[in-house]
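The structure under discussion appears below in the form of structure tokens.
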Amino acid sequence: MSETDPRRWKALIFIALAQLMVVLDATIVNIALPSAQQDLGISDGNRQWVITAYALAFGGLLLFGGRIADLWGRKRTFVTGLIGFAAASALGGAATGEAMMLGARALQGVFGALLAPAALSLLAVMFTDAKERAKAFGIYGAIAGGGGAVGLILGGFLTEYLNWRWTFFVNIPFAIIAALGAYFVIREPAGARNRSPLDIPGVILSTLGLVALVYGFTRAESAGWSDSLTIGMFVGSAVLLAAFVFTEARVKSPLLPLRVLTERNRGGVYLSLGLAIIAMFGLFLFLTYYLQIVKGFSPVKTGFAFLPMIVGMITGSTQIGARLMTRVPPRLLMGPGFVVAAVGMLLLTQLEIGTSYAGLILPAQLLLGLGMGTAFMPAMSLATHGVEPRDSGVASAMVNTSQQVGGAIGTALLNTIAASATTAYIADHAAGATNPAAQKLVQAQAMVEGYTSAIWWAVGILAAAAAIAFTLITTGAQSGSSAASGDSEGAEGVADEVRIPVVAH
């Protein structure tokens with residue numbers, strides 16, 4: 001029985017602050033990108049690398065980062081990740097050219113891959129009482145889900161009223177406060193490390209396989225699905241990841257013990273969460289475009305337009321998910337949560353050029369936020385279902401990985417669907433537009449047609465996430481209190497009585 005850390009709630013403040021910083025960074029840079037591109041002379045062809053450099057480093061190294069947290073100690077990995085992230089952010093804010101900017105973004109990804117799994121696994125090993133665990137994961141889930149929308153508001157303010165460089169510099173105070181707080185407050189439970197030697201072949205195969213997968217989807221968005229390099233990346237990724245699984249089944253101390261993946265409830269969490277992120281990424285993308293291009297909203301106004309989703313997320317996570325997690329099985333929170341989110345998404349398929357924000361977009365966002373918040377909360381807690389404490393870092397990393405890959409798939413897949421529908425609409429209606437005003441109207445209608453076509457797919461993806469949650473997740477409600485134990489039975493007890501994550505792109 002592990003002793004309960006009296007400072008665990010103070011520790012949660014600094015863990016949540018670090019999580020907020022990483023999630024903010026995912027959307028804040030998107031808003032600053034046009035200004036940064038102009039100032040640094042980045043070509044249109046290379047512009048996507050400001051996003052892709054981060055996504056590849058972060059997505060590729062997450063499993064390695066999770067294993068380092070288990071090996072080296074979660075607190076030490078967490079503080080190192082924060083300091084490195086702050087330094088990389090300072091480099092990005094001070095960038096004088098393209099190479100410096102891309103290097104800074106890649107470094108942010110590297111340190112983010114250390115930080116994200118360490119943060120979630122610290123929660124998993126520090127909060128072992130069932131009710132406290134529900135509250136802690138509720139707060140963490142609300143930040144993980146709503147932080148991206150907060151990033152849109154903050155990014156809009158900083159870009160509009162200060163300078164794009166501040167979208168990088170703003171990370172530094174977050175990181176310093178979180179690192180100092182973590183250093184003095186967090187006390188990691190004894191005996192929770194995994195000191196087995198590092199699985200170098202596993203590190204190489206998983207990193208290359210995940211990088212190839214994320215890059216394949218990123219390239220598909222710009223070059224098309226039939227592009228030879230895109231296809232090559234997918235084939236290479238499949239070969240590398242198959243070799244990784246083959247290796248992990250045979251080595252003595254695997255990077256990712258296959259028991260982490262094959263347990264039914266955890267598998268259900270990884271799969272349903274990855275699908276939900278595909279849908280969410282599509283929504284952020286298309287709603288941002290719709291509000292700014294079609295409705296003419298400023299960056300700041302667009303950010304505030306996402307507030308109902310944040311309110312819904314926080315309410316769903318802390319008031320519904322956290323309160324009910326000790327009373328009902330997780331599938332009865334995750335399944336209905338994804339269904340409610342799908343209903344919100346379904347409303348957005350009715351978007352038109354003149355759609356009322358208050359009449360349609362606001363209630364749709366509230367439903368989306370409520371549904372996602374309710375579902376994310378138990379999902380984040382179940383990420384460590386039945387996992388020995390020494391494996392909690394790599395189990396946490398798997399949730400971040402499913403989100404990262406989901407984000408890459410969502411952006412590429414839904415963007416392609418939207419672009420195809422827009423092109424088809426213009427081809428069908430361009431002949432009738434004989435003057436500039438009519439042509440402009442057709443262009444706007446074509447864009448909206450593209451967005452709604454992609455949003456229909458997002459509705460179907462959320463329905464699939466709900467079906468997976470209902471069928472694969474069978475564990476019962478959390479009740480009473482448990483402590484994390486060094487053996488699998490103790491850890492199973494924690495999870496049986498009872499993750500999203502960094503969406504970073």
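- Heavy-atom minimum distance, L462 versus A279: CG-CB, 3.7 Å.
- The ring-ring contact (aromatic ring centres under 6.0 Å, His included) check on Y215 picks up W49, with sequence neighbours excluded.
- At least one side-chain heavy atom of F244 sits less than 4.5 Å from a side-chain heavy atom of L63.
- Looking only at distances, a side-chain donor or acceptor of T422 sits under 3.5 Å from a matching main-chain atom of A446.
- When all heavy atoms of Q365 and A305 are compared, the pair lying nearest together is NE2-O, 2.8 Å.
- Under the 4.5 Å side-chain criterion, counting only non-hydrogen atoms from C-beta, F304 is in contact with L307.
- For the pair K301 and F297, the cation sits on the ring face: its NZ or CZ lies under 6.0 Å from the ring centre, inside 45° of the axis.
- In this view, F246 satisfies the ring-ring contact (aromatic ring centres under 6.0 Å, His included) rule with no residue, not counting sequence neighbours.
- Centroid-to-centroid, the aromatic rings of F174 and F85 stay 6.0 Å apart or farther.
- With E248 contributing its side chain and P257 its backbone, the two residues share no donor-acceptor pair below 3.5 Å.
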Item to complete: In sequence, state the C-alpha distance, the side-chain angles, and the governing distance for V245 and L256, and then conclude on side chain to side chain contact (heavy atoms under 4.5 Å, CB included).
Response: CA-CA 9 Å; V245 172; L256 175 63; over 6 Å; no
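- The list of ring pair (Phe, Tyr, Trp, His ring centres under 6.0 Å) pairs with a residue in residues 399-446, not counting sequence neighbours, reads Y425-H429.
- L351 places a side-chain heavy atom less than 4.5 Å from the side chain of I361.
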Fill in: Derivation of the side chain to side chain contact (heavy atoms under 4.5 Å, CB included) call for L210 and L62
CA-CA 9 Å; L210 287 169; L62 269 168; 5.8 Å; no
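- The two residues L255 and R67 make their nearest non-hydrogen contact at CD1-CB, 3.3 Å.
- Listed by chain and residue number, R219 satisfy the salt bridge (charged side-chain N to carboxylate O under 4.0 Å, His left out) test with D227 (two or more places apart in sequence, or in another chain).
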Practice prompt. List the steps and the verdict of side chain to side chain contact (heavy atoms under 4.5 Å, CB included) for K440 and Q445.
Written response: CA-CA 9 Å; K440 195 174 177 184; Q445 286 171 333; over 6 Å; no
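- A side-chain donor-acceptor contact under 3.5 Å links Y290 to the backbone of E352.
- Taken to the nearest 0.5 Å, the CG atom of L333 stands 11.0 Å off from the CZ atom of F338.
- Remark: side-chain polar atoms of S89 are not paired, donor with acceptor, to backbone N or O of N171 under 3.5 angstrom.
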Worksheet item: L366 and M309: side chain to side chain contact (heavy atoms under 4.5 Å, CB included), yes or no, with the steps?
Response: CA-CA 5 Å; L366 277 173; M309 193 187 299; over 6 Å; no
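- Summarising the geometry, atom CG belonging to L271 is positioned 4.0 Å from atom CD1 belonging to I468; distances are rounded to the nearest 0.5 Å.
- The line from CG of L368 to CG of L347 is 8.5 Å long, rounded to the nearest 0.5 Å.
- A donor-acceptor pair under 3.5 Å links the side-chain atoms of N265 to the main chain of T474, judged by distance alone.
- Between T207 and L61 there is a side-chain heavy-atom pair separated by less than 4.5 Å.
- Smallest separation of non-hydrogen atoms from A375 and P378: O-CD, 3.3 Å.
- Between N415 and F286, some side-chain heavy-atom pair lies under the 4.5 Å cut-off.
- Within the model, atoms CE of M280 and CD1 of I461 stand 13.0 Å from one another, a figure rounded to the nearest 0.5 Å.
- Nearest heavy-atom pair across A18 and L115 is CB-CD1, 4.3 Å.
- With sequence neighbours left out, the ring-ring contact (aromatic ring centres under 6.0 Å, His included) criterion links F470 to no other residue.
- Contact annotation: the side chain of W225 approaches that of L413 to within less than 4.5 Å [non-hydrogen atoms, C-beta and beyond].
- The backbone N or O of L472 lies less than 3.5 Å from a partner atom in the side chain of R264, making a donor-acceptor pair.
- The side-chain heavy atoms of T374 and P336, taken from C-beta on, include no pair separated by under 4.5 Å.
- Listed by first and then second residue, the side chain to side chain donor-acceptor pair (under 3.5 Å) pairs that reach into residues 451-467 come to none, sequence neighbours excluded.
- Here the CZ atom belonging to R105 is positioned 11.0 Å from the CZ atom belonging to F58, to the nearest 0.5 angstrom.
- From Q19, atom CD reaches atom CG of L12 across 11.0 Å, with rounding to the nearest 0.5 Å.
- The closest donor-acceptor contact from the side chain of S237 to the backbone of M233 lies at 3.5 Å or more, if one exists at all.
- Between R331 and A469, the shortest heavy-atom distance links the atoms CB-O, 3.4 Å.
- Under a 3.5 Å cut-off, the side chain of T423 and the backbone N or O of A419 do form a donor-acceptor pair.
- The backbone N or O of Y357 sits nowhere less than 3.5 Å from a side-chain atom of K295 that would complete a donor-acceptor pair.
- Checked by atom type and distance alone, the side chain of S317 never pairs as donor or acceptor with a backbone atom of I314 at under 3.5 Å.
- The shortest distance between side-chain heavy atoms of F64 and S206 does not fall below 4.5 Å.
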